[in-house]
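Comments concern the structure below.
The structure displayed is predicted, hence computed values, not measured ones. Numbered from 1 within each chain, the chains take letters A, B, ... in sequence-line order.
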There are 2 protein chains.
Amino acid sequence: MSGTPITSIPDESLEVPTLARRSFDSIKSDIINGQLAQGTKIVESDLALKYGISRGPLREAIHRLEQIKLIVRIPHAGSRVVTLDVKMMQDIYTAREALEGMAARLAARLMPDADIEALSMLLNQHSENINETAGKAYLQREGDIDFHYRIALASENRWIQQNLHGELYQLIRMCRHQSGQFPSRAQTALDQHRQIANAIAQRDEELAELLMRRHISGAWEIVKKILEDQND
Amino acid sequence: MSGTPITSIPDESLEVPTLARRSFDSIKSDIINGQLAQGTKIVESDLALKYGISRGPLREAIHRLEQIKLIVRIPHAGSRVVTLDVKMMQDIYTAREALEGMAARLAARLMPDADIEALSMLLNQHSENINETAGKAYLQREGDIDFHYRIALASENRWIQQNLHGELYQLIRMCRHQSGQFPSRAQTALDQHRQIANAIAQRDEELAELLMRRHISGAWEIVKKILEDQND
DNA sequence: ATCAGCATTATTGTTGACAATTAATGAGCG
DNA sequence: CGCTCATTAATTGTCAACAATAATGCTGAT
């Protein structure tokens, strides 16, 4: 559909699937798509039983989930699935704006011409998808992820990559998944993506960063409204 | 010395000192100040023996150190103390520039007048310290940390706070500590701090962010030169 | 002498039992 | 009847033994 990324983030992918890692992935999915509801209490022995492993590796998985903020741990009192409130999501979007803005700037500086070309092709594909799948938000969602993913890659900054993909995107995906369908906004987003890609193609670092930050803070305004409406 | 911060980061501080946490802190110190040299192989049983605990909690400590990137783990082959190279430090300073620039922007928007006043007083104190302790970089170092700490607090963004203090500063401290004494630069830094504080006082978000980013990228240029000189 | 294959060893991954701490429940007293 | 305190139950923290895996060094053949 979207073509595989030109390069991949070096880490995390080909690691040995240890029990801790497997359960980490499973629990992560369960949290993100809501099968483990927000605020659910995590009892180690229960989960260990559920996944058919002992508490040792499961503990490791929980600690890692805590690190990427999908789980909060009160010292001796146990762990709970994180509860996403408006303030937390605002913090996350703000941090994302800073980091991804910087990533766009770096991309404008560093992205190889061939990859810029590929990025442009990708946007053309997305453009077609919008017409074909009008209404179906899923593919557009994937496209959005793919675009931002490539920008982060092009930044060649591992710290930014890891935090964007390892942590921030997970929380945003979780928020999105559990807030029902969002208004499509696909055309607007695509237009903005085009502008950003153009800025990168012209090696205009300043503009690329500016546009990316607007793009993200605009997305936050939408999300914010939805979250606030839900609480009323 | 510097007066206690007006508010403190809510997390991490008053937690129950469990074995895992204690050994985490110990090892972290050892790594940062170089008693565990860069690239040292970490053998779980050895360290467990050294700290007089069993491998369980020690493992937890290692995992957390891995999360804040003080330790790198090759799947089955064992863990090593991170080796700081120029590229990694550049990534870290770049990320810091993005995040702390945003923190300065938020501070200009949100910092209470009383805290801005206190920040100004703090800089006066530092100014005196420069004359008194000319040559002794330690106090100025602490002052620098204190300043940046308050900006991060004033951002009221927990994600930014946690990543700045929990991860980026640790790595920077480690780099600094192991690269011998840096040229003082205290007066320059203080001047820049003043300008930033002024921008915040005038609620000029744009300027606050801009100055903070310049301040940090300027610091990186210095550090970069030192690191590159060492490798030749 | 060098390389291939195998055995050994060192180290990590995993487990179940045990200890310590916290939260809950119920009894006793005001 | 409500509050406090003690006892109990549940859950997390810790430990030491066991299993599995990967690196290392040895042996032997070419």
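Rounding to whole angstrom units, CG of residue A:Leu47 and C1' of D:dT11 are separated by 13 Å. The distance between atom CZ of B:Arg22 and atom C1' of D:dG13, rounded to the nearest whole Å, is 12 Å. Rounded to whole Å, the distance from CG on B:Asp46 to P on C:dA10 is 12 Å. Here the P atom of nucleotide C:dT14 and the CG atom of A:Leu49 are 18 Å apart, to the nearest Å. Here the P atom of nucleotide D:dA19 and the CD1 atom of A:Ile53 are 19 Å apart, to the nearest Å. Whole-Å rounding puts the B:Glu44 CD to D:dA16 P distance at 15 Å. Between the NZ atom of A:Lys41 and the P atom of D:dA10 there is a distance of 12 Å, rounded to whole Å. Rounded to whole Å, the distance from CZ on A:Arg21 to P on C:dT14 is 11 Å.
Where A:Arg55 and A:Leu19 meet DNA chain C, the nucleotide closest to each residue was compared, and A:Leu19 sits on the side nearer the 5' end.
For B:His215 and B:His148, the side-chain atoms include at least one donor-acceptor pair closer than 3.5 Å.
Listed candidates were C:dT14, C:dT11, D:dT14. Nearest to the side chain of B:Arg59 is C:dT14.
By the 30° and 60° cut-offs, the orientation of the rings of A:Phe147 relative to A:His193 is parallel.
Closest approach of A:Leu19 to A:Ile53, counting heavy atoms only: CD1-CG2, 3.9 Å.
A:Thr18 has no side-chain polar atom (N or O) that falls below the 4.0 Å cut-off from OP1 or OP2 of C:dT12. Look at A:Arg73 and you'll find a side-chain N or O under 4.0 angstrom from OP1 or OP2 of D:dG13.
Note on B:Ile42: only backbone sugar-phosphate atoms sit closer than 4.0 angstrom, heavy atoms only; bases stay farther off.
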Exercise. Tell me, with the steps shown, if B:Gln67 and B:His63 meet side chain to side chain contact (heavy atoms under 4.5 Å, CB included).
Key: CA-CA 6 Å; B:Gln67 289 294 331; B:His63 289 316; 5.7 Å; no

